[in-house]
Number of protein chains: 2
Amino acid sequence: MSSTAEHGPPAARGDRAAALHRLRRSHEQILLGTLARHGTLSRAELATYTGLSRTTLFAIVADLLASQLVVENTTRAAGQRGRPAGLLSLNPGGGLYVGIDMGRHRVRVAIANVAHEVVATGRHALPAPSRWADRADVAIGLVERLADDAGISLAPLRTVGLGLPGPVSAEVTDTDRKGSDSARSRAQRGLVRTFHERFGVPVSVDNNTRLAALAETTWGAARGARDVLYVRLSDGVGGGLVLGGQLVRGTRGAAGEVGHVTVDPDGPPCYCGGRGCLETYVGGLALVRECRRRGTEVSDVDGLVQLVRDGDPAVCAVVAEAGRTLGVVLAGLATEVDPERIVVGGPVSALGEPLLAPVREAVAALTLPAFPDPPPVVGSELGDGGGALGAIAGQMAAVETGLAPN
Amino acid sequence: MSSTAEHGPPAARGDRAAALHRLRRSHEQILLGTLARHGTLSRAELATYTGLSRTTLFAIVADLLASQLVVENTTRAAGQRGRPAGLLSLNPGGGLYVGIDMGRHRVRVAIANVAHEVVATGRHALPAPSRWADRADVAIGLVERLADDAGISLAPLRTVGLGLPGPVSAEVTDTDRKGSDSARSRAQRGLVRTFHERFGVPVSVDNNTRLAALAETTWGAARGARDVLYVRLSDGVGGGLVLGGQLVRGTRGAAGEVGHVTVDPDGPPCYCGGRGCLETYVGGLALVRECRRRGTEVSDVDGLVQLVRDGDPAVCAVVAEAGRTLGVVLAGLATEVDPERIVVGGPVSALGEPLLAPVREAVAALTLPAFPDPPPVVGSELGDGGGALGAIAGQMAAVETGLAPN
Ligand SMILES: [Zn+2]
Ligand SMILES: [Zn+2]
């Protein structure tokens, strides 16, 4: 069969190898997901639940047993004759996923097992500005310490997922796609290499804010939702878009950059080089600046949250206006993508209802009146840990949809 | 095996049946797509190209041969011994897809064969307003006449795809998803039944403008692009979003409604019940109205196109402003979804560069400056036939991604 392949055109050969790899990973993950949901199943039940042929199923189960991701209990029911039926279940110690969020100011790590249970999480502050290589060292040290503290061996590690700030191009992880060889891409590829060399497993990489969006759909405020619009309000504003359960990456790796949607082309300058971006109205720095401009001394986002809790009328007015502006932008995006849920996260979302209520009102007023139920606007549940969790969810989702993480 | 299934929880049984069905359809379509690309292949080559197991492949090929979608040529190479190797290819007369666009003013039909070749297209004007049942009669008559004229038998018809104006909820075609039992949904289900009873094959349904977006990615101005933002400028404004090669439908079936993105919450009232929607600035009716308001007598969109070609300065100014407004909205959406290409279609797009140039400028100015190449803004290529073609592309795409059209 391989000799036949060599006669195919080169493109078809590459396609085929990639397709085979994806199909295999996808089938594996379908089996693991089915076992995660149902607990213990026979091979016949697995075949029934997954729709895989017996040939395919038996081959993949054999591999999963060999790699100790799955364990088999051989029992014989009372009165049963012949060969005993093996019952298969996940080996909780048999597979690990590591998610790492390399933020600008801190590194966060999460470790999950093959049953999708988070078994360890941790964070480490970074002296800013840090070089990528130094951040990688911190992250690797943190992974090792967390595993050590929890008494976990990293031997069964399957993949590492990396969340990074800024745009992440598809070409960094997807060798099928072409893209520019920018300095950013080269730095990202260097990080992938560093982690791959240290851990010896495939390394995937994506934008950390996008990954936080995916984490909210897996473990957080949008659990179970398939179509989610996520915005993260920090000093600046980022976001992520999940459609059909999958993270939207975009052609240049820039999907989800809601913070740079233009509110007013003649508005304040933005660090992105544009003017009047959403970030210049509702980012933490912008809110603090606007309060000061109106004469209220505010130290930072924490101070802002405290003043809103105290009911300071000037600060509450600034926050309400920001909520309204955010709601107008989110309503526009919701009209285009029709999400099931809108999640607002990041440190600024600690403002709570004084911010969220006007967002909700604007979304209700400015999305199609033909639908009486506008998408609910809710605060995120995962806080700062979302990026690392999302880097785990990304690995699982990538494989489940047939797109191998590397 | 079926007895095992009956012991599973009811939800799992439904999931399994649906999963089995999807997997089967998906494998079939992978085989058909591979034969469409490569022409003639042996079973061994097919196994190599598709990554399917021999067991799965042989079973599906047997079915495809039995249903005459695929034909086998048994030849023996010179000097070859043993059983001759069968060479498989698509049977161009062996499978048909019908796409029907049921617009408000006309019905359009396209017929394609299993090799994805369009073999017949036609249109029929409707007296407005027409009842759905009457439009269905017109469409059925048109399909029959087109097939007759082209000497095509409808016996090998595989599926019918329907494009309809307005929101199309997922629950109409996707029994896995819950949704409201609205009057619209009931009418759409009635149409699906009518066509299913007449043609005896699965019937899929989606919004016709969204389908036109998909057609542009298959046969039109965005051929080969995976992520496409499409806007259709007619009397009103609609659109569609293709991400990762798949049509985005949205949680309530309303994705792509770019015409009702709010430009100004205090703007003119829109038929949707909102105010200041994009449609009230750049729809054909809005443009004609604005020209009249400024003192230029314009009959309709055709008259508008003629005046712009004649270089009428007042009309050109109106069109340029509309292009700018459209560009601002498209730039915002492009910042969120990072498309590969933006396609502007519909009758108003006949205005050409006087409209498209300001769109392009706004998109370039208002998307992330970090990316030097903003998404290209191009006119559509398929014109009014896009909906019917898209209804065919939708059937193919649905099956290729493992989502059966019914
Ligand atoms: Zn910006
Ligand atoms: Zn409207």
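Chain letters run A, B, ... following the sequence lines, proteins first, then strands; residues in each count from 1. Just so you know, these numbers use all the heavy atoms, side chains as well, and skip hydrogens, waters and symmetry mates.
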For chain A, which of Thr34(B), Val329(B), Thr367(B), Leu368(B) has the most heavy-atom pairs under 4.5 Å?
-> Leu368(B)
Residue [X] versus chain B: region with a heavy atom under 4.5 Å:
X	answer
Val337(A)	both
Ala254(A)	both
Leu278(A)	neither

Could you walk me through whether Thr262(A) and Val328(B) pass side chain to side chain contact (heavy atoms under 4.5 Å, CB included), step by step?
-> CA-CA 8 Å; Thr262(A) 305; Val328(B) 171; 5.5 Å; no
Donor-acceptor pair, Thr251(B) side chain versus Glu340(A) backbone, under 3.5 Å?
-> yes
Under the 3.5 angstrom rule, does the side chain of Arg252(B) hit a backbone N or O of Pro339(A) as a donor-acceptor pair?
-> no
Rounded to the nearest 0.5 Å, what's the gap from [atom1] on [X] to [atom2] on [Y]? Could you check?
X	Y	atom1	atom2	value
Arg226(B)	Arg249(A)	CZ	CZ	13.0 Å
Leu229(A)	Glu336(B)	CG	CD	5.5 Å
Asp338(A)	Leu241(B)	CG	CG	11.0 Å

Is there side-chain contact between His260(A) and Pro369(B), with heavy atoms separated by less than 4.5 Å?
->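 No - every pair of side-chain heavy atoms lies 4.5 Å or more apart.
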Result for side chain to side chain contact (heavy atoms under 4.5 Å, CB included) between Leu333(B) and one of Val261(A), Thr335(A), Leu333(A) points to Leu333(A)
